[in-house]
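What follows is a set of notes on a single structure, which appears directly below.
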2 protein chains.
Amino acid sequence: MKSDLLAAPHATAPPSSRRALIASVATELFHRKGYAATSMRELASVSGIEAPSLYNHFSSKETLLHEICFGMADAFVSTARRLAALDLPVEDRLARAIEEHLRLLFSDREAVGVFVNEWRHLSEPSLQTFKALRSDYEQFFAGLFQEGMLKGVFRQGDPLWLGRQLLLLMNGSIHSTARPDSEALANLGRRFYGLWMHGVASSTTQPD
Amino acid sequence: MKSDLLAAPHATAPPSSRRALIASVATELFHRKGYAATSMRELASVSGIEAPSLYNHFSSKETLLHEICFGMADAFVSTARRLAALDLPVEDRLARAIEEHLRLLFSDREAVGVFVNEWRHLSEPSLQTFKALRSDYEQFFAGLFQEGMLKGVFRQGDPLWLGRQLLLLMNGSIHSTARPDSEALANLGRRFYGLWMHGVASSTTQPD
DNA sequence: CGCGCGAACGAACGATCGTTCGTATGTTTG
DNA sequence: CAAACATACGAACGATCGTTCGTTCGCGCG
């Protein structure tokens, strides 16, 4: 196995090796048309290559999917591990988690799209492993809410539900067309944080 | 063979005609495996029929998808039209919209799953029409937020963004395993409304 | 120079795809 | 009873699927 170029957060930069080019094209096609609706021949054609040559770089179609999905999953989980170790008030850690999640999300939107929508086409045992990683990441967010509730910073509720909903919300942002620069990204993060913390009601109205 | 006798006392909603049974099975398969990954032969097999016989009821595979997607789209849009005509304070109309959206969502989760995830496999011109219906529905929610902002009930923000995010959030609920009864559904609606209105922060903390 | 090897290709494999055709079998209608 | 119709099926169509095979080409290295 060569270097894991998928982990590097460059979306548009031209990959050096042929292998990385194929992975990048596959990511785009899997995202736009779906895994099942993308054929190896089309992938080859867009890559400027013949279909059999693909198998000099990837042993199967599913290997491509595997690499994309687990590349993103590892990135998310390792980010979560890093954030969990931070010594900050829980609401600040939440803000950081939102910010980092969005940063990762926009570092390669197409890969995230595949990660979010196409993972179900993985076969066992990869599927099990993937779900476990996904659950880890959800648990990290759930843990933030749980801790915040214990400390009285957050209203009571189901922490796992809240974690999943927040992730759902952020992941939906990849559908917005504009590619945000780092400033716009920070703004988006504050927007999510504000919405999640205080909702849409004007501050004059009171909670029930 | 008269296998109709077996089809009578079936699982959730016993479809009267063969046509409805096929549509129901197609919905389940398209939802669980995806449109592209579902073959007509498998659909036939699960329906207890041979593949060519399907074409006595539906003229093509895409016709099935079309019927599922537009069936849900029409239901959502007509509900929105009904709600828009209601003479209620805007925040109450939002609560009702959330409630009705959830009700529709859980009335047929599999169809909603197809509606949300598989519409992109429609071909033109249906695809255009579908997107237009979808946009109508988003605009309805955006309109609620816009009106709420003008009246000072809601904090300032991008109404279309808020509308899309709220829909995204609710649509994600179909992944939860439990089938809620009408009381649990009402609770879920209040949960969404509360979260959306006031966020997760405990009421002692203040917005920035 | 010659040897090995990764990378590319044309051909083609067996499987499966969506769909059509001809036909058989009731059931309804005149 | 006969004509008409809806529904089912087996066979099979052409297309395309993921993948394998045998081969060739070009390059680095002894």
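What separates CD of A:Glu50 from P of D:dT20 is a distance of 17 Å, to the nearest Å. Following rounding to the nearest Å, B:Phe58 (CZ) and C:dT20 (C1') show an atom-to-atom distance of 19 Å. We find that CG of A:Leu64 is positioned 12 Å from C1' of D:dG18, with the value rounded to whole Å. With rounding to whole Å, A:Arg41 atom CZ is found 12 Å from C:dA15 atom C1'. One interatomic measurement links the two molecules: CG of A:Asn56 to C1' of C:dG6, which rounds to 7 Å at whole-angstrom precision. Whole-Å rounding puts the B:Tyr55 OH to D:dA11 P distance at 19 Å. Distance B:Leu21 CG to D:dA8 P: 10 Å, rounded to the nearest Å. Atom CE in B:Met40 sits roughly 14 Å away from atom C1' in C:dT16 (whole-Å rounding).
Counting non-hydrogen atoms under 4.0 angstrom, B:Thr63 reaches nothing in the nucleic acid.
Under 4.0 angstrom from either OP1 or OP2 of D:dA6 there lies no side-chain N or O belonging to B:Arg18. One finds no side-chain N or O of B:His57 lying less than 4.0 angstrom from the OP1 or OP2 phosphate oxygen of D:dA6. Between A:Ser39 and D:dC17 there is a side-chain N or O to OP1 or OP2 distance below 4.0 Å.
With contacts defined as side-chain heavy-atom distances shorter than 4.5 Å, the pair A:Trp196/A:Leu162 qualifies.
Using a distance-only test at 3.5 Å, with no hydrogens or angles considered, a donor-acceptor pair links the side chain of B:Glu124 to the main chain of B:Gln128. Side-chain atoms of B:Ser135 never come within 3.5 Å of backbone atoms of B:Lys131 as a donor-acceptor pair (strictly under, hydrogens ignored). Remark: side-chain polar atoms of A:Glu62 are paired, donor with acceptor, to backbone N or O of A:Ser123 under 3.5 angstrom.
If you find the closest nucleotide of DNA chain C to B:Pro52 and to A:Ser53, the one lying nearer the 5' end belongs to A:Ser53.
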